[in-house]
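Structure, as structure tokens:
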Amino acid sequence: MKERYESKEVELKWQRIWADTGAHNTDTDPSKPAFYCLEMFPYPSGKIHMGHVRNYAIGDVIARYKKMRGFNVLHPMGWDSFGMPAENAAIKNKVHPTKWTYENIESMKAQLNRMGFSYDWRREVTTCSPAYYKWNQWLFLKFLEKGLAYKKRSFVNWCGSCETVLANEQVIDNKCWRCDSVVVQKELEQWFFRITGYAEELLKGCDELKGWPERVVAMQKNWIGRSEGVEADFAIDGSDEKIRIYTTRPDTLFGATFLCIAAAHPLAAKFLSEDKLSGLKAIYGDVEQKEGVFTGKYAINPVNNEKIPIYAANFVLMEYGTGAIMSVPAHDQRDFEFAKKYGLPVRVVIVQEKDGKPSELKEAFEDDGYLVGSGEFSGLSSSDARKKIGKFLEGKGLGKVTVNYKLRDWGVSRQRYWGTPIPIIYCEKCGVVPVPEKDLPVILPEDVVFSGKGGSPLLDASEFLNVKCPSCGGSARRETDTMDTFVDSSWYFVRYCSKKDEHPFTKENINAWMPVHQYIGGIEHAVLHLLYSRFFTRVMRDLGLFGFGEPFENLLTQGMVCKETYKCAEHEWLFPEEAKDGKCVHCGKEVEKGRVEKMSKSKKNVIDPDALINRYGADTIRLFSLFAAPPEKDLEWSDQGVEGASRFLNRIWSIINKNSSSASAVGQIDMKALSPQSAGLLRKTHQTIRKVTVDIDREYHFNTAIAALMELINEINPFAPASEDDKRVLAFSLRSMLLMIAPFTPHMAEELWEAMGQKQSIFSEAWPQWDDELAKENEVELVVQINGKVRAKLSAPAGLSDDAASKMALDDERVKPFVEGKEIKKIVVVKGRLVNIVAV
RNA sequence: GCCGGAGUGGCGGAACUGGCAGACGCAAGGGACUUAAAAUCCCUCGAUGCCUAGCAUCGUACGAGUUCGAUUCUCGUCUCCGGCACCA
């Protein structure tokens, strides 16, 4: 055994052994309980970053721990490898996306292996491979058969820079989630998935997500956005036509003083010239301004036959409800502002107190209250009125009670090359024809030109584009749009259950592993990916592929990896090395120590995992990133903290080195003959096993588990064995410590395990067990409080009765002065911990 | 505005169902070893006060409350972070 710990040598050695022995391969095994540990797969950008390191380190500890606890663990990894960066690289550097992507995968895979992550690579999923995306296409056809995929013309979020359509979820603050350019509305023919058909079920299912962070469930619920209300018909004065509006406040129906329709509403085009409407459409969805145009028409309020003007307004959304609203300025702030702007009347129909009087409003009164000026409904509470007015409208055939969702159908078409071709053919005679299953996969042609200008390169790929119609054999044209990459990631977790050469929907494989027991990934996917996956899983269930609807039983959203930043007034963000002695190296100005921010290239506070691995080794990085914070919280990267982790590993190394002669001691420990020193170490060891196990099992609090191991090391360090029993205790303690640290720092654990004379991999060992009896302290520190204040600490035998503890406390010299001459009202005893004497 | 979450030493963070606040680590200070440095090891480390080997008082954002006892529970206030936001 070497004197010094050489991380690189040790780590490469064990990585080679693991690969050679197939240590991380998993096959189904009915004799053991299954555990599916999954981390969100990365986009293969070419280099891993600290966020990946943290995410995958957490997953790896869980996988290795569960394996030692006797589970058959599935721990796969793959590549979310379709998407725009590959295409952008093709345009910029003239590299084909295929070559670029696969090279990136190779280098990232090497990095992941260098971190010592325990993946079964036989199950690797690469979404850009035809073998994978064939099944995207197959699922698309099934969606089509079930009416869950359809085409419609609609306004879409369009990113001019990426030249593609974006899903609502990909628009952040009206900007593209990838490139930050402003998103505009554009009308296009698009394929949609009918996720709204599952809105209710997805919402109800939220309550079963017991193993998910509350906030993620809240975000999903919020996104689905269910509301109850009524749809009501307003007749148009002097016409047979009607306008159907949606409202959640039918109790305010008598207060409607005008009506607004979306600019894209079919009737708007009838009443107004395209000229006038285009002005509204241009500011559609603009939160800053509310604009409207009077249509010249009037509507009849169905409850009081009042004539009210109809406006077209930019703030009314065509996608939500019916695309038309009744405007009640007294009880809706938006309508209030609109009414003030255009001089429309405000009529109060809800008052706070029963039988209250309406008064002049400075802003809309949006709370519930009691109805006034509402005919037969006056006097009712808002909630009663909502029900009664709903029924009234239904009874008269003027409307109905309905449920609405903010959730929209999922637009999946992308005007891009690097994605799954949508398996559709357009024939002049037969129309839209799905590609027959036997012709799948529709392969993305390799031989295309990336000009970077306008539209998808597929539009110029004539061999791909021109096909025979599968139905009539006539000449036809392929769909050139490709699928949103979120389709790829909506079912990849099912693909892992089977090996590469097996059919992806082999039921016994899926049932052996799914649902995922522990999913780990970033909070940024709280709605997008997780909602789509829940939707897909339900559709796959309804296709009869398996019997469950929720894909992820437990979800852990790890925090971001952050680091301090430096800023100069003139040169903005600075690299740490640009801030010498608090001065900017470029201009000499004072450097401002910025906030701790998420690592990002633009803020110049990233740390390169490669550099750290070379300097400290993978185990040190793993240990630090698990120790510095609990997994769900943000982690602040600290160079000194890494040093500390490295020191700790060196300490372990030298302790094993120093004690190599005792380390292999075996045999029964004679409990009765133990020295106090040995008894103490034995007790501490059992306590540590208990603490580490409980901390990992409860919320994966690795930081406190590691802290407990550090305490144990601190106690082992000065231990000098004098007898054979001492050696046996020490050996037991060292072995337990290594077993417990193994999931965190697997390479070092294997090496030291071997150095202790063990022949098998440490991961074939069972997790150590503790004995509550041996973990018990025989002396406890009894805290004595008088009126809640600590006055003394006594050493007492464990298992003392309440009475004996009270007596002991009262007899103590330090306690006496505080109770003398006072009446003892009460004595509270917490067993083995505390006595509180209440004296007045 | 609405919905989440958080606020504890110089710093990252501990404290299980209400029972010793500050585990563990980092930084800092002191010491040992060394020709010297690094590495390593040992000690100190919330604040204040005092008759300074000790003891007392204060202390978990702030203000109340419940309780023998509150970082933990309840109510109110402030600040910060995240998400959603014309969804009728």
Only pairs under 3.5 Å count here: list side-chain donor-acceptor contacts from residues 828-840 of chain A, not counting sequence neighbours, and write none if there are none.
{"residue": "A/K831", "atom": "NZ", "partner": "A/D802", "partner atom": "OD1", "Å": "2.9"}
{"residue": "A/N836", "atom": "OD1", "partner": "A/G788", "partner atom": "N", "Å": "3.1"}

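Look at B/C24: its Watson-Crick or wobble partner, with both distances under 3.5 angstrom, is B/G12. Figure legend. B/G49 is base-paired to B/C55; pairs are counted as Watson-Crick or G-U wobble with both atom distances under 3.5 Å. The partner of B/U40 is B/A32, by the rule that a Watson-Crick or G-U pair needs both atom distances under 3.5 Å. With both pairing distances under 3.5 Å, B/C62 is matched to B/G76 as a Watson-Crick or G-U wobble pair. Across all strands shown, B/G1 pairs with B/C84; the Watson-Crick or G-U wobble distances both stay below 3.5 Å. Across all strands shown, B/G18 remains unpaired; no Watson-Crick or G-U wobble contact has both distances below 3.5 Å.
Each of A/Q289 and A/E711 has a nearest nucleotide on RNA chain B; the 5'-most of these lies closest to A/E711. Comparing A/T704 and A/R814, the nucleotide of RNA chain B nearest to each residue sits closer to the 5' end for A/T704.
Atom P of B/A27 sits at a distance of 13 Å from the matching atom of B/C41, rounded to the whole Å. B/G13 and B/G18 have their P atoms separated by 25 Å, with the value rounded to a whole Å. Nucleotides B/G7 and B/C62, compared at atom P, are 13 Å apart to the nearest Å. Look at the P atom in both B/A23 and B/G76: the space between them is 34 Å, to the nearest Å. Nucleotides B/C42 and B/C26 place their P atoms 12 Å apart, quoted to the nearest Å. For the P atom pair drawn from B/G59 and B/G54, the interatomic distance equals 24 Å after rounding to whole Å. Between B/U66 and B/A21, the distance separating the two P atoms is 22 Å to the nearest Å. The separation of B/U71 from B/U67, taken at their C1' atoms, amounts to 16 Å, rounded to a whole angstrom.
Taking syn as a glycosidic angle within 90° of 0, B/A23 does not qualify and is anti.
A donor-acceptor contact closer than 3.5 angstrom links the side chains of A/T196 and A/D409. Remark: the A/Q687 side chain and the A/E777 side chain contain an N/O donor-acceptor pair separated by less than 3.5 Å.
Rounded to an integer number of Å, the gap from A/E214 CD to B/A6 P is 9 Å.
Taking the six-membered ring for Trp and the full ring otherwise, the centers of A/F648 and A/F627 sit at least 6.0 Å from each other.
Residue-level contact check: A/G644 touches the backbone only, with heavy atoms under 4.0 Å from sugar-phosphate atoms and none from bases. Counting non-hydrogen atoms under 4.0 angstrom, A/Q785 reaches a base of the nucleic acid.
The only option from A/F192, A/Y532, A/F486 that meets the ring-ring contact (aromatic ring centres under 6.0 Å, His included) definition with A/W410 turns out to be A/Y532.
No donor-acceptor contact under 3.5 Å links the side chain of A/K826 to the base of B/C68.
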